[in-house]
Amino acid sequence: MPVTTARVTTARPERYIKQLVSHLGHKASAELAADGRGTITFRQGTCVLAPIGHQLDLIATAGDLDALADVQEIVTRHLVRFAGEEEDLGVEWTAPVAGEDLDLVHPLLDDYLLTQCTPPDDLLQELIVETREVTGRAAGMQVSRDEGAFLTMLVQLVGARNAVEVGVFTGYSSLCIARGLAEGGRLLACDVNDEWAAIARSYWERAGVADRIDLKIGPAIDTLRALPVEPVIDIAFIDADKTGYAAYYEEIVQRLRPGGLVVLDNVFLGGRVLDPACQGVDHVAMRRLNDLIVADDRVDSVMLAVRDGVTLARKR
Ligand SMILES: C[S@@+](CC[C@H](N)C(=O)[O-])C[C@H]1O[C@@H](n2cnc3c(N)ncnc32)[C@H](O)[C@@H]1O
């Protein structure tokens, strides 16, 4: 589904949003949220209007390019009319893109971020290379070096002694988690693929953390359901089959101690969660779970634009 955005410089973004919502609300469905964001749903598509400092951000979506052009035209025309002679508003829309083609983070910034974190040591570097050589395209599943450093830091910040990972692959993220554990801490690592886990095991041994990792080969849901329902988990990282996330989340939240953290990877699905045209099983499942977590009053949550999107949900 095509999306286009425009960033308009103005000292009065809130005023324009109110005017647009009020005026266009007679012909379309229009809502003004408490934080000043407006949403106008036309027959042709939708436009979200967000006040960001001295800027008005417009985000238009529609089923096809013609309908999108209509939405752009209606919003631009009214905006320019409301500004009248007081302000010369330059409304420049970006070229339309579909959700899956969005650059979630600019490639330049993406690359910079990789250089601005504690670098992986020689062993992690070796694991990156071996994973690429042995697993080929599947190597893209491995967490990036900044996400790995982020995981170690989260485990340390939580002071975790009891960690769970769903989705081990060749063990990069497990190694990052295990290295952050407090004295005597343990990681329960779940995966279905013994071949990839064999690589993981050899690196855990070389890193001297194998004795603190319990690897369970089998469907993660069975492993999680077999755990006692006691609030003892300090941190859990979910990075496996996307349709399983909701069930993993539920089993883990029940066993999370107050203040404990669930970390979920790939919550953007390459931008496809933003695009209503993407209706694959993974997209639907992830969109539903993202909404469920926001509404889950057992946790406080925040979604971060780290790589493909990372949600942190902290048990109240
Ligand atoms: C994205 S990879 C994990 C990457 C890993 N976190 C890393 O940094 O290298 C997903 C993993 O989930 C595993 N997986 C898929 N379905 C699973 C299931 N039902 N139960 C447990 N693991 C599963 C796959 O075998 C794969 O190793």
Side-chain angles (χ1 to χ4, degrees), residues 124 127 131 134-135 138-144 147-148 150-152 154-155 158 160-182 184-205 207 209-257 260-267 269 281-282 285-286 289 292-293 299 307-313 315:
L124 284 173
L127 177 53
T131 301
V134 175
T135 71
M141 296 201 295
Q142 188 171 60
V143 297
S144 57
E147 199 173 345
F150 184 47
L151 281 172
T152 305
L154 287 175
V155 173
V158 168
R161 292 173 54 87
N162 198 351
V164 172
E165 177 179 69
V166 181
V168 173
F169 188 40
T170 57
Y172 191 101
S173 50
S174 333
L175 190 39
C176 295
I177 294 169
R179 281 178 163 171
L181 288 171
R186 301 206 65 79
L187 168 64
L188 171 65
C190 313
D191 207 292
V192 281
N193 189 312
D194 209 5
E195 205 179 311
W196 288 336
I199 300 175
R201 258 196 229 105
S202 74
Y203 278 83
W204 299 340
E205 270 156 27
V209 298
D211 58 348
R212 60 183 96 145
I213 302 179
D214 302 312
L215 175 66
K216 288 274 185 258
I217 296 295
I221 194 63
D222 296 344
T223 304
L224 294 174
R225 285 189 179 143
L227 297 174
V229 187
E230 292 166 5
V232 293
I233 298 176
D234 298 306
I235 191 162
F237 180 52
I238 303 178
D239 183 21
D241 53 316
K242 307 312 165 202
T243 49
Y245 269 38
Y248 305 145
Y249 173 80
E250 188 50 43
E251 295 302 325
I252 288 166
V253 168
Q254 289 180 35
R255 294 166 173 85
L256 208 58
R257 60 127 165 119
L261 211 58
V262 191
V263 184
L264 300 102
D265 200 18
N266 305 114
V267 296
L269 288 183
V281 281
D282 285 358
M286 190 62 84
L289 177 63
L292 185 144
I293 293 176
V299 299
R307 300 295 141 192
D308 189 27
V310 170
T311 291
L312 305 183
K315 184 96 173 264

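Values below: every heavy atom of this structure, side chains too, minus hydrogens, waters and symmetry copies.
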What is the distance from atom [atom1] of [X] to atom [atom2] of [Y], rounded to the nearest 0.5 Å?
X: Arg255; Y: Ile233; atom1: CZ; atom2: CD1; result: 7.0 Å
X: Cys176; Y: Leu127; atom1: SG; atom2: CG; result: 9.0 Å
X: Gln142; Y: Thr135; atom1: CD; atom2: OG1; result: 7.5 Å
X: Ile238; Y: Leu224; atom1: CD1; atom2: CG; result: 8.0 Å
X: Ile217; Y: Glu195; atom1: CD1; atom2: CD; result: 11.0 Å
X: Glu230; Y: Gln254; atom1: CD; atom2: CD; result: 12.5 Å

For [X] and [Y], work out which heavy atoms get closest and say how close.
X: Ala207; Y: Leu175; value: CB-CD1, 3.4 Å
X: Ile235; Y: Ala160; value: CG2-CB, 3.7 Å
X: Leu181; Y: Ala163; value: CD2-CB, 3.9 Å
X: Val310; Y: Val267; value: N-CG2, 3.7 Å
X: Ala210; Y: Glu205; value: CB-CG, 3.6 Å
X: Asp308; Y: Leu269; value: OD1-N, 3.4 Å

Test side-chain contact (heavy atoms from CB on, under 4.5 Å) applied to Glu251 and Arg225, step by step
CA-CA 7 Å; Glu251 295 302 325; Arg225 285 189 179 143; 3.3 Å; yes
Are the side chain of [X] and the backbone of [Y] linked by a donor-acceptor contact shorter than 3.5 Å?
X: Thr152; Y: Ile177; value: no
X: Lys242; Y: Ala240; value: yes
X: Asn193; Y: Trp196; value: yes
X: Asp191; Y: Phe169; value: yes
X: Tyr172; Y: Ser144; value: no
X: Lys216; Y: Leu188; value: no

Inter- and intrachain pairs under salt bridge (Lys or Arg N to Asp or Glu O under 4.0 Å), touching residues 173-182, at least two apart
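Applying salt bridge (Lys or Arg N to Asp or Glu O under 4.0 Å) to every pair that reaches into residues 173-182, excluding sequence neighbours, yields Asp121-Arg179.
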Chi angles and distances behind the side-chain contact (heavy atoms from CB on, under 4.5 Å) call for Val299, Val262:
CA-CA 9 Å; Val299 299; Val262 191; 5.9 Å; no
Please examine the side chains of [Y] and [X], heavy atoms only from C-beta on, and report whether any two atoms are closer than 4.5 Å.
X: Thr131; Y: Tyr203; result: no
X: Val232; Y: Leu256; result: no
X: Asp282; Y: Thr243; result: yes
X: Phe237; Y: Val164; result: no
X: Leu187; Y: Trp204; result: no

Pairs involving residues 231-241, ordered by first then second residue, that meet side-chain hydrogen bond (donor to acceptor under 3.5 Å, both in side chains) (sequence neighbours left out)
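Every side-chain hydrogen bond (donor to acceptor under 3.5 Å, both in side chains) pair that includes a residue of residues 231-241, provided the two are not neighbours, is Asp234-Arg257, Asp241-Tyr248.
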Between Ser173 and Glu165, is the side-chain contact (heavy atoms from CB on, under 4.5 Å) condition met? List the steps.
CA-CA 8 Å; Ser173 50; Glu165 177 179 69; 2.5 Å; yes
Arg212: which residues meet the salt bridge (charged side-chain N to carboxylate O under 4.0 Å, His left out) condition with it, sequence neighbours left out?
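Partners of Arg212 by the salt bridge (charged side-chain N to carboxylate O under 4.0 Å, His left out) criterion come out as none, since no residue qualifies.
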Applying the side-chain contact (heavy atoms from CB on, under 4.5 Å) test to Tyr245, which of Val166, Leu292, Ile293, Leu289 qualifies?
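The option that passes is Leu289.
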Kindly indicate, with the supporting measurements, whether the criterion side-chain contact (heavy atoms from CB on, under 4.5 Å) is fulfilled by Val263 and Thr311.
CA-CA 6 Å; Val263 184; Thr311 291; over 6 Å; no
